[in-house]
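Notes to accompany the following structure.
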Amino acid sequence: DTAGLDMDQSPADVGYFIIPFRCQIVLAGAVVTETCAGGSTTPVVKFDKRPTAGSDTDRGNGDIANLVLATTAAGKVMYDLDAVGDVLEPGEEVVVELATQATGTGAAGHIRPFLLVEYLPETLANLSDMTETA
């Protein structure tokens with residue numbers, strides 16, 4: 001969707017951030033591109049850490065971010081500082097999950113999620129999930 005992720009769709013995994021290098025989380029959040037509304041349910045978006053990309057084994061539950069969007073106006077930046085400073089390793093993944101959809105009369109809302117990280121220099125051979133191909 002050109003407006004971003006739809007907040008009144010059925011709950012599901014709606015985005016992914018691959019982790020290609022060792023990094024530290026600076027900020028996790030979303031820019032609201034359409035005002036979030038819903039008569040009976042507030043949309044909630046979680047950023048879950050997957051220790052192994054593509055696998056739900058030991059997957060977190062909002063451990064990177066938990067965004068409660070309520071009636072949030074377009075243009076607002078919603079963020080969560082809980083995981084600031086946490087280190088992510090190559091081969092991990094952060095999943096954007098619409099955990100609770102907006103429901104009720106006038107249910108609406110769109111967001112564009114972001115994950116800001118700082119590169120942590122490391123010799124590639126020291127990273128267990130980095131393998132050079134021939």
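This one's a predicted model, so the numbers in the text were calculated from it and none came from an experiment. Along the sequence shown, the residues carry numbers beginning at 1.
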Open item on the list: Taking side chain to side chain contact (heavy atoms under 4.5 Å, CB included) as the criterion, tell me which of L98, V44, T42, V14 meets it with M7.
Closed with: L98
Task: Results of salt bridge (Lys or Arg N to Asp or Glu O under 4.0 Å) for D56 - residues two or more places apart only - done: R50, R59
Task: Same apolar cluster (I L V M F W Y, side chains within < 4.5 Å links), Y119/L115 - done: yes
Open item on the list: Count I, L, V, M, F, W, Y as connected when their side-chain heavy atoms are under 4.5 Å apart, and connections chain through other members. Are V95 and I19 then in the same cluster?
Closed with: no
Task: Nearest-0.5 Å distance that lies between atom OG1 in T35 and atom NE2 in H110 - done: 12.0 Å
- [ ] Using atom types as modelled and distance alone, determine if a side-chain donor or acceptor of D8 lies under 3.5 Å from a backbone N or O of T103.
- [x] no
TODO: Find the distance between CZ (R22) and CD (E89) and round it off to the nearest 0.5 Å.
DONE: 5.0 Å
Open item on the list: For a 4.5 angstrom cut-off between non-hydrogen side-chain atoms, does F21 reach L88?
Closed with: no
Open item on the list: Working note: D13 + V96, criterion side-chain contact (heavy atoms from CB on, under 4.5 Å); need CA distance, chi angles, decisive distance, verdict.
Closed with: CA-CA 6 Å; D13 293 343; V96 180; over 6 Å; no
Task: Apart from V31 itself, residues in the same hydrophobic cluster as defined by side-chain heavy atoms under 4.5 Å - done: V26, L27, V77, Y79, L81, V84, F114, L116
Open item on the list: When you measure from the side chain of D63 to the backbone of K49, do you find a donor-acceptor pair of N or O atoms at a distance under 3.5 Å?
Closed with: yes
TODO: Taking E34 for its side chain and G109 for its backbone only, find out whether a donor-acceptor pair lies under 3.5 Å.
DONE: yes
Task: Shortest non-hydrogen contact between A37 and A102, atoms and distance - done: O-CB, 3.4 Å
Task: Test item: T100 and P43 side chains (from C-beta on) under 4.5 Å apart, heavy atoms - done: no
- [ ] State the CD-SG distance between E118 and C23, to the nearest 0.5 angstrom.
- [x] 9.5 Å
Task: Salt bridge flag under 4.0 Å for residues E97 and K46 - done: no
Task: From E92 atom CD to S55 atom OG, the distance as rounded to the nearest 0.5 Å - done: 12.0 Å
Task: Exercise: identify the closest heavy-atom pair between P51 and T57 - done: CD-O, 3.9 Å
Task: Euclidean distance, I25 CD1 relative to F17 CZ, rounded to 0.5 Å - done: 10.5 Å
Task: Atom pair CZ (R112) and CG (L5), whose distance is rounded to the nearest 0.5 Å - done: 9.0 Å
Task: Same cluster (ILVMFWY, side-chain, under 4.5 Å), V45 and I64 - done: yes
